[in-house]
Amino acid sequence: MASNTPFTLKWGIMATGWIAETFTQDLLTNPATTRDVHDVRHEVVAAASSSSKQRAEEFLVKTKAPSSAKAYGSYHELVADPEIDIIYVATPHSHHFQNAMLALEAGKNVLCEKALTVTAAQARKLVDMAKKRNVFFMEAVWTRYQPISIKVRDLIQSGVIGPVYRVVADLSFGNDKPDGTVSFADTHRMVNPDLAGGALLDLGIYSLTWVFQTMYHLQKEKEKPKVVAAVQKYHTGADEATSIIVQWPQHKSQGIALTSLRLATGVDSENTGGPAIRIQGSGGEIHVTGPAYRPLQYKVIRGDAGGKIETVDFSIPRDPERDWGHGMFWEADECARCIRDGKKESESLPWEESLVIMEVMEEALKQGGVTYPDMITTDVFDAQSPLNTGKR
């Protein structure tokens, strides 16, 4: 007989920046009253900052975590905590390989922010360690678990627009300045090579997410894509704009993933310029309104509908008591269900698919001549790396 008591997943939060704050506040919402989820729940056990315990304490206060939550001044202490079931790695993606490996080596389940790593070799090493330790491991591409993504994938599989042969997806920010620079300081993570900065790894992965979840993910027999890329480098050496064409010849399909730091996907906040994602089948199209990371509307345009357009809107539920809801809780629920059921990877984003996407991004950056420092591209784990200790 199934238990009526929800499964509780106990979290440790690695890093204390904006994305960690957002995710943690989503964890702390009430699943039942926020999103009608009754089978799983979440508990924040601890948070860690590599700079100081005080920063972790301030983080827990800011996110209104329970008074029982512990603050650590090192990542090593966090991964050693026996009460923690899973570590959420919320550091810059330059740090992901070392940080996630630290947690996996300690035998912890891991949810690691996107982009999963800087190189495909690093990603493969993490997957190998997850297998070795027999733990759950997932890339935190939250968009995949949003109801709109699930619905769009279902629509494609239903055949409502026929076989999908082309997808065009864009996520770009308008940060162009008259002096030829963009509105990020050279030290900012968006353009700093030391932090694996650039449009592709931060924004373009969402464009690729839509290309892959609507095409590759739904292929019955997986086909590795061919990759052609055009990269515009910024003066820091990071990419400021990247356009990628991925081709699956056996499936007669192509995807175009676009990203830029100079012009926004939408010309205004009303999405007047059209959809951020255009999914084209032989019998119609699905248009997904941006932004690509958290879209709230899609339109179905069928070739036989006589010009009729079906528009479906979504919303992000909020916890009335906390007055909060961002949409990251769905990926957390996925982690809880997988771990409860003994699964080591998510069917919605299997390890193999994360690896293929990393290979595509790596190839695109290679074609564009974008390189990153050895410290963040090495696939040799070092528990005492500055990326793990915060010490230079």
Side-chain angles (χ1 to χ4, degrees), residues 2-17 19-35 37-50 53 55-91 96 99-113 126 129-130 133-140 142 145 319 321-322 324-346:
S3 172
N4 292 323
T5 303
F7 173 81
T8 300
L9 188 61
K10 297 181 178 182
W11 292 82
I13 310 300
M14 184 183 286
T16 56
I19 196 71
E21 285 182 16
T22 303
F23 181 80
T24 299
Q25 289 182 86
D26 262 21
L27 283 181
L28 293 168
T29 59
N30 185 324
T33 59
T34 303
R35 53 194 182 276
V37 167
H38 301 272
D39 62 324
V40 296
R41 61 183 295 275
H42 306 278
E43 181 181 332
V44 176
V45 170
S49 167
S50 63
K53 181 179 179 181
R55 188 164 179 176
E57 290 171 341
E58 293 169 351
F59 171 87
L60 292 171
V61 171
K62 188 173 183 179
T63 57
K64 300 178 181 178
S67 57
S68 59
K70 292 165 280 190
Y72 292 121
S74 77
Y75 296 159
H76 287 75
E77 290 176 286
L78 183 75
V79 302
D81 188 325
E83 291 186 49
I84 293 172
D85 297 323
I86 185 169
I87 300 290
Y88 172 58
V89 178
T91 53
H96 285 176
N99 297 165
M101 190 65 86
L102 185 73
L104 291 170
E105 280 270 18
K108 297 297 188 186
N109 301 296
V110 172
L111 174 65
C112 182
E113 260 307 328
L126 292 179
M129 182 54 66
R133 290 288 187 261
N134 194 32
V135 293
F136 174 80
F137 178 55
M138 187 176 98
E139 183 178 10
W142 61 310
Y145 303 94
D319 186 327
E321 292 187 7
R322 298 181 68 91
W324 180 268
H326 192 74
M328 303 186 86
F329 32 60
W330 286 304
E331 67 178 352
D333 294 344
E334 173 72 4
C335 293
R337 293 184 180 113
C338 286
I339 292 171
R340 176 197 65 192
D341 298 341
K343 297 178 180 179
K344 305 308 176 186
E345 57 184 316
S346 167

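Numbering starts at 1 and runs along the sequence shown.
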Quick one: NZ on Lys70 to NZ on Lys53, what's the gap to the nearest 0.5 Å?
11.0 Å
Run the side chain to side chain donor-acceptor pair (under 3.5 Å) check on Tyr145 and Ser346 step by step: do they pass?
CA-CA 10 Å; Tyr145 303 94; Ser346 167; 2.9 Å; yes
Run the side chain to side chain contact (heavy atoms under 4.5 Å, CB included) test on His76 and Leu102 for me, step by step, so that the C-alpha distance in whole Å, both residues' side-chain angles and the decisive distance to 0.1 Å come before the verdict.
CA-CA 8 Å; His76 287 75; Leu102 185 73; 3.7 Å; yes
Hey, does Phe136 have a side-chain heavy atom less than 4.5 Å from the side chain of Cys335?
yes
Within the side chain of Lys344, is there an N or O that forms a donor-acceptor pair under 3.5 Å with the backbone of Ala130?
no
Can you see which heavy atom on Pro66 is nearest to which on Leu28, and at what distance?
CD-CD2, 3.8 Å
Quick one: does any side-chain atom of Asp26 pair with a main-chain N or O of Met328 as donor and acceptor, under 3.5 Å?
yes
Residue set satisfying side-chain contact (heavy atoms from CB on, under 4.5 Å) with Gln25, at least two apart, ordered chain then number -> Glu21, Thr63, Trp324
When rounded to the nearest 0.5 angstrom, what distance separates OG1 in Thr91 from CE in Met14?
7.0 Å
The test is side chain to side chain contact (heavy atoms under 4.5 Å, CB included); show your working for Arg337 and Val37 and say whether it passes.
CA-CA 11 Å; Arg337 293 184 180 113; Val37 167; 3.5 Å; yes
Roughly how far, to the nearest 0.5 Å, is NE2 of His96 from CE of Met101?
14.0 Å
Test item: Arg133 side-chain N/O and Glu105 main-chain N/O as donor-acceptor pair under 3.5 Å:
yes
Side chain to side chain donor-acceptor pair (under 3.5 Å) with Thr29: of Arg41, Arg322, Arg35, His42, only one passes, and it is Arg35
Donor-acceptor contact present, side-chain Asn109 to main-chain Asp85, <3.5 Å:
yes
Taking all heavy atoms of Ala20 and all of Ala15, pick out the closest pair and write down the distance.
CB-O, 3.4 Å
CG on Asn30 to CD on Glu321, rounded to 0.5 Å
7.0 Å
What verdict does the side chain to side chain contact (heavy atoms under 4.5 Å, CB included) test give for Thr24 and Trp11, after you've listed the backbone C-alpha separation in whole Å, the side-chain angles of each residue and the deciding distance to 0.1 Å?
CA-CA 9 Å; Thr24 299; Trp11 292 82; over 6 Å; no
Taking all non-hydrogen atoms of both residues into account, name the closest pair between Tyr75 and Ser49 and its distance.
CE2-C, 4.0 Å
Of all heavy-atom pairs between Ala100 and Val89, which one has the smallest distance, and what is that distance?
CA-CG2, 4.1 Å
Would you give the length of the straight line joining atom CD1 of Ile87 to atom CG of Asp81, rounded to the nearest 0.5 angstrom?
8.0 Å
Take Val44 and Tyr88 through the test side chain to side chain contact (heavy atoms under 4.5 Å, CB included) and record every step on the way to the result.
CA-CA 10 Å; Val44 176; Tyr88 172 58; over 6 Å; no
Between Ile84 and the options Val79, Ile13, Leu9, Leu78, the side-chain contact (heavy atoms from CB on, under 4.5 Å) test singles out Leu78
I'd like to know if the side chain of His326 reaches the main chain of Phe23, judged simply by a donor and an acceptor atom lying under 3.5 Å from each other, with no hydrogens or angles considered.
no
Give me the atom names and distance for the closest heavy-atom approach of Phe59 to Gly17.
CE1-O, 4.3 Å
From CG (Asn134) to CG (Leu104), nearest 0.5 Å
12.0 Å
All heavy atoms of Leu27 vs all of Ala332, minimum pair found to be CD2-CB, 3.5 Å
